[in-house]
Amino acid sequence: MTGGPQIHSIIRKLYPLCRSITGNGVRESLSIIKELIPVNIHEIPTGTKAFDWSVPREWNIRDAFIKDPRGQKVVDFKKSNLHVLGYSVPFSATVALDQLKEHLFTIPEQPEWVPYRTSYYNENWGFCLPHRQFEALEDGPYEVLIDSSLEDGHLTFGEFLVRGALEDEVLISTHICHPSMCNDNLSGVATAAYLAKHLAGRNDLRYSYRFLFIPGTIGSIAWLSLNEEKLPRVKYGLVLAGVGDQGSFTYKKSRRGDAEIDRVVINCLGHLDKNFRAMDFEPTGYDERQYCCPGFDLPVGCLMRSVHGSYPEYHTSADDLDFVTASSLEETFYLLLEITHAIEKNRKYVSQNPKCEPQLGRRGLYRKTGGEKMGKNDELAMLWLLNLSDGRHSLLDISERSGQKMDSVIRAAEALSGQNLITPQN
Ligand code: ZN
């Protein structure tokens with residue numbers, strides 16, 4: 001079985017790569033994911049229209065540095081890819097300190113950390129560095145090199161479909177466009193990849209599961225524009241982002257607010273994390289903004305731990321390999337297993353013995369002594385199921401009303417249907 005250390009180790013492999021919304025960093029990341037699952041790698045040419053957007057030019061970078069007046073490299077892309085403003089245009093010159101400073105980005109409140117900054121849709125060049133280092137820069141000419149290219153090429157994304165018995169789909173989407181940061185975005189990438197690997201190894205799935213590893217915003221917009229005909233199949237969806245830090249879980253509901261995915265996730269979290277927070281939809285954050293646009297309004301929520309922008313390490317060099325923990329990643333992974341289990345098993349049953357309670361003891365369904373396979377909660381779940389299985393209440397309805405865990409309600413349904421006391425409604 002998958003454990004937190006395995007998920008953490010794939011994050012370690014992906015961490016050094018310089019990802020962006022296009023370019024070789026995404027391709028190399030997807031080839032690492034390919035070691036786990038046979039993900040399809042799609043390439044969309046620059047200029048391809050996607051609703052109101054078009055695929056930008058492809059950005060790649062080989063080297064970048066700033067040399068001080070003594071010729072010492074004081075900022076070096078090879079030490080951390082966060083040092084370069086994402087999508088920096090090629091640049092090579094010797095510049096005065098004043099001119100250089102217009103292209104430097106720091107976080108004065110966190111003087112030891114390197115910020116993460118990008119300039120995707122506005123041509124610029126720049127460097128990010130610790131504020132402490134910025135303040136110590138002396139006067140004099142600085143040699144600056146950004147050996148990058150911004151040319152017609154492709155936008156790359158990964159897609160992996162695990163087929164179940166139904167064409168109806170569960171969409172799991174995660175962004176893969178950030179350079180060396182772990183919670184945002186590698187925690188989502190790694191947990192999604194391991195969930196995909198787990199589901200692909202099963203042969204009893206009811207739903208099909210579509211995994212997307214895409215650059216934020218432009219990636220989901222491009223995918224939606226290419227796949228409009230598939231959208232009616234999406235019955236549940238989750239954007240995974242920032243799921244490896246040690247904060248409590250946060251679930252941001254779909255735009256609909258009462259979609260079944262919202263109820264399932266809130267139900268599972270309610271039994272796992274007493275400090276979890278459920279938020280209403282708002283048009284900020286990650287790719288749920290695109291999935292939940294009014295034209296599609298898909299039932300897609302967003303699962304996070306600490307919310308983007310709410311913790312100081314967010315979008316900085318401090319979102320590193322120590323900021324995400326194996327135990328948080330493992331807990332997220334098992335939560336996702338519970339969520340998919342609930343989705344798979346949720347259905348309505350009809351009691352075959354609606355006139356008073358059936359005699360459970362005679363059928364071996366009543367616990368004789370403590371510690372047997374059927375626990376007290378399972379018995380309670382059975383009583384609820386027998387009472388509410390009138391063809392109008394799903395297992396999720398019964399779990400919500402009884403306060404019993406979905407897992408327990410599912411086990412009880414399997415025990416009762418095994419004795420033909422309830423039968424699934426088609
Ligand atoms: Zn981000």
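When a ligand or atom number is given, it counts from 1 through the structure's own listing order.
Electrostatic pairing of Glu344 and Arg206 does not count as a salt bridge here, judged by no charged N lying under 4.0 Å from a carboxylate O. A salt bridge links Arg27 to Glu58: one of the charged nitrogens lies within less than 4.0 Å of a carboxylate oxygen.
Residues forming a salt bridge (charged side-chain N to carboxylate O under 4.0 Å, His left out) with Asp297 (at least two apart in sequence, or on another chain): Arg255. Every residue two or more places apart in sequence or in another chain was checked for a side chain to side chain donor-acceptor pair (under 3.5 Å) with Ser389, and none qualifies.
Among protein atoms, those of element N, O or S found less than 2.8 Å away from the Zn ion (ligand 1) are His178 NE2, Asp184 OD2, His315 NE2.
Legend: ring-ring contact (aromatic ring centres under 6.0 Å, His included) pairs involving residues 305-326, not counting sequence neighbours, sorted by first then second residue: Tyr116-His315, His178-His315, Tyr286-His308, Tyr311-Tyr314, Tyr311-Phe323.
Ring-plane geometry between Phe211 and Phe160 is classed as tilted, the angle between the planes lying from 30 to 60 degrees on a 0 to 90 degree scale.
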